[in-house]
Amino acid sequence: MRAEPRLEDIHARVLAWYDANARDLPWRRPGTSPWAVLVSEVMLQQTPVVRVEPAWTAWMERWPAPADLAAAPPADVLRAWDRLGYPRRALRLQECARAVVAHHGGEVPETEEELLDLPGVGAYTAAAVAAFAHGRRAVVLDTNVRRVLGRAIEGRALPPPALGRAERERAAGYLPAGTAESVRWNVGVMELGALVCTARSPRCTACPLLGRCAWVAAGRPDDEHAHRRRTQGWHGTDRQVRGRIMAHLRRLPDGLAAGREELLAAGADGADPAALPDPAQPARALASLVADGLVAAEPDASGFRLP
DNA sequence: AACGCGGGGGA
DNA sequence: TCCCCAGCGTT
């Protein structure tokens, strides 16, 4: 079957828009190493670009190569991760560095299959590194791409909560056949989703696909999955308590341990844990942090520090 | 398939 | 206040 003119038209429009509107992000600059790209992708997992940018720059200056990060004390890695969120990613990134050193001669592998075996690297990150670090043809499917294709092609306000096989195959069908074009398409659609086709209040008048968008053509119908998108709460959750405990430990001078009561109080935001609606919450959060390897306990559990 | 996991900034 | 952000690993 020959390529559809409509498809090529969509490709051309997105590519031209990207050429004119791409942000100058540091990990996109020529000469960025594959490892530096991988680090950026892991940091960008659920953390917005504006917060990743300064952290990535400092990180790459401190630990330019996988071997550098592999040799660092985990406590330093967690402190440098600072408040990017989901600190387990920092530990996995270091495990990833060690795997690259141990199994790939210190070079980031090129195939998605090999990348998927690395800690902290899932379907999205494997495709993104293959495409953006190695220039390979891969189906990069993140929240931005899913939203743009969902709107322009499917006419949905937002993609369904779960990413299924059908959606992945559809996205693959829209990937340009040429390798170089596929890479630009991937980054171009992502950028379009980040800057124009945003989740809330999209700037449709600035969109290169305005006249080709199924969602706009349908009158911009509401999200049919809205009732199923239960927002994860934050106030009073274990995650918030874990975050407070980690923040307290990050501030601790190197070599010092925090007492158990001190740490539980930090988890309760300075209050007496016994006064919380769930008095056991801080202790539970601390135990989970130890189980995750984010906190190291003294042999007698009297003190705690970063690992 | 569903859940847990940080933290912050814009609407 | 709510909601979303270049997701991943576990169950």
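Every chain is numbered from 1, with letters handed out A, B, ... down the list of sequences. Note that the coordinates shown come from a computational prediction; the quantities given were computed from them, not determined experimentally. Hydrogens, waters and symmetry mates are skipped; everything else that's a heavy atom, side chains included, is used.
Side-chain N/O atoms of A/T125 include one lying less than 4.0 angstrom from OP1 or OP2 on C/dC8. Residue A/T143 places at least one side-chain N or O under 4.0 Å from the OP1 or OP2 atom of C/dC5. The side chain of A/R147 places an N or O atom within less than 4.0 Å of a non-bridging phosphate oxygen (OP1 or OP2) of C/dC5.
Counting non-hydrogen atoms under 4.0 angstrom, A/R146 reaches nothing in the nucleic acid. Residue-level contact check: A/A128 touches neither bases nor backbone, having no heavy atom under 4.0 Å from any strand. Nucleic acid contact class of A/G122 (heavy atoms, under 4.0 Å, all strands): sugar-phosphate only. Contact annotation for A/R83: backbone-only contact, meaning every heavy-atom pair under 4.0 Å involves sugar-phosphate atoms and none involves a base. Across all strands, A/L25 comes closer than 4.0 Å to base atoms (heavy-atom distances). Note on A/A194: nothing from the nucleic acid sits closer than 4.0 angstrom, heavy atoms only. Using a 4.0 Å heavy-atom distance criterion, A/V121 is classed as a sugar-phosphate-only contact. At a threshold of 4.0 angstrom between heavy atoms, the contacts of A/P87 are confined to the sugar-phosphate backbone, with no base atom among them. Within the 4.0 angstrom heavy-atom criterion, base atoms lie near A/W27. Using a 4.0 Å heavy-atom criterion, one finds that A/R250 contacts the sugar-phosphate atoms exclusively.
Nearest-nucleotide positions on DNA chain B place A/A162 closer to the 5' end than the other of A/A162 and A/D292.
For A/A199, the side-chain atoms get nearest to C/dC4 when compared with the rest of C/dC4, B/dG8, C/dA6. In the set C/dA6, B/dG8, C/dC5, the nucleotide with an atom closest to the side chain of A/M190 is C/dA6. Of the candidate nucleotides B/dC5, B/dG9, C/dG7, B/dC5 has the atom lying nearest to any side-chain atom of A/R242. Nearest nucleotide to the A/Y86 side chain, out of B/dA11, C/dC5, B/dG6: B/dG6. The A/E191 side chain lies nearest to C/dA6 when the options are B/dC5, C/dA6, C/dG7.
Atom CD in A/Q94 sits 15.5 Å away from atom CZ in A/R89 (nearest 0.5 Å). Separation of atoms CD (A/E95) and CG (A/L91) is listed at 6.5 Å; rounding is to 0.5 Å. Annotation: the span from A/M43 atom CE to A/R51 atom CZ amounts to 12.0 Å, rounded to 0.5 Å.
Separation of the C1' atoms belonging to B/dG6 and C/dC5 is 12 Å when rounded to the nearest angstrom. Taking the P atoms as reference points, B/dA11 lies 14 Å from C/dA6, given to the whole Å.
For A/D19, the salt bridge (Lys or Arg N to Asp or Glu O under 4.0 Å) partners at least two apart in sequence or on another chain are A/R184. Residues meeting the ring pair (Phe, Tyr, Trp, His ring centres under 6.0 Å) test with A/W81, sequence neighbours left out: A/W59. Remark: A/E262 engages no residue in a salt bridge (Lys or Arg N to Asp or Glu O under 4.0 Å) (not counting sequence neighbours).
Evaluation of atom-type donor-acceptor distances gives no pair under 3.5 Å for the side chain of A/R200 against the base of C/dC4. In this model, a side-chain donor or acceptor of A/R51 finds a partner on the base of B/dG7 within 3.5 Å.
Rounded to an integer number of Å, the gap from A/E53 CD to C/dA6 P is 13 Å. Residue A/D117 contributes atom CG, which lies 11 Å from atom P of C/dG9 at whole-angstrom precision. A/R239 places its CZ atom 14 Å from the C1' atom of C/dC8, with the value rounded to the nearest Å. Following rounding to the nearest Å, A/L44 (CG) and C/dC4 (P) show an atom-to-atom distance of 19 Å. A/D142 places its CG atom 13 Å from the C1' atom of C/dC4, with the value rounded to the nearest Å. Here B/dG8 presents its C1' atom at 13 Å from CD of A/Q46, a figure rounded to the nearest Å. The CG-P distance, from A/L141 to C/dA6, rounds to 14 Å in whole Å. The separation between A/M246 atom CE and B/dG4 atom C1' is 16 Å, rounded to whole Å.
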Please output the side-chain donor-acceptor pairs of residues 280-297 of chain A that fall under 3.5 Å, not counting sequence neighbours, one pair per line with the distance.
unit_1: A/Q281; atom_1: NE2; unit_2: A/G236; atom_2: O; d: 2.9
unit_1: A/Q281; atom_1: NE2; unit_2: A/D238; atom_2: OD1; d: 2.8
unit_1: A/R284; atom_1: NE; unit_2: A/D238; atom_2: OD2; d: 3.1
unit_1: A/R284; atom_1: NH1; unit_2: A/D278; atom_2: OD2; d: 3.1
unit_1: A/R284; atom_1: NH2; unit_2: A/D238; atom_2: OD1; d: 2.9
unit_1: A/R284; atom_1: NH2; unit_2: A/D278; atom_2: OD2; d: 3.0
unit_1: A/S288; atom_1: OG; unit_2: A/R242; atom_2: NH1; d: 2.7
unit_1: A/S288; atom_1: OG; unit_2: A/A285; atom_2: O; d: 2.7
unit_1: A/D292; atom_1: OD2; unit_2: A/R242; atom_2: NH1; d: 3.0
unit_1: A/D292; atom_1: OD2; unit_2: A/R242; atom_2: NH2; d: 2.9

Quiz: residues 115-142 of chain A side-chain donor-acceptor pairs under 3.5 angstrom, not counting sequence neighbours:
unit_1: A/Y124; atom_1: OH; unit_2: A/E41; atom_2: OE1; d: 2.7
unit_1: A/T125; atom_1: OG1; unit_2: A/Q45; atom_2: NE2; d: 2.8
unit_1: A/H134; atom_1: NE2; unit_2: A/V108; atom_2: O; d: 3.3
unit_1: A/H134; atom_1: NE2; unit_2: A/P109; atom_2: O; d: 3.0
unit_1: A/R136; atom_1: NE; unit_2: A/E110; atom_2: O; d: 3.3
unit_1: A/R136; atom_1: NH1; unit_2: A/E110; atom_2: OE1; d: 3.4
unit_1: A/R137; atom_1: NE; unit_2: A/P176; atom_2: O; d: 2.8
unit_1: A/R137; atom_1: NE; unit_2: A/A177; atom_2: O; d: 3.3
unit_1: A/R137; atom_1: NH2; unit_2: A/L175; atom_2: O; d: 3.1
unit_1: A/R137; atom_1: NH2; unit_2: A/P176; atom_2: O; d: 3.3
unit_1: A/D142; atom_1: OD1; unit_2: A/N144; atom_2: N; d: 3.2
unit_1: A/D142; atom_1: OD1; unit_2: A/V145; atom_2: N; d: 2.8
unit_1: A/D142; atom_1: OD2; unit_2: A/N144; atom_2: N; d: 3.4
unit_1: A/D142; atom_1: OD2; unit_2: A/N144; atom_2: ND2; d: 3.1

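The minimum heavy-atom distance between A/A194 and A/R23, with the atom names listed, is CB-NH2, 3.6 Å.
In summary, A/D76 and A/R79 engage in a salt bridge, as defined by a charged side-chain N under 4.0 Å from a carboxylate O.
Pairs of Watson-Crick or G-U wobble type, with distances under 3.5 Å, assemble into runs of 3 or more in DNA chain B at these ranges: B:1-5 with C:7-11, B:7-11 with C:1-5.
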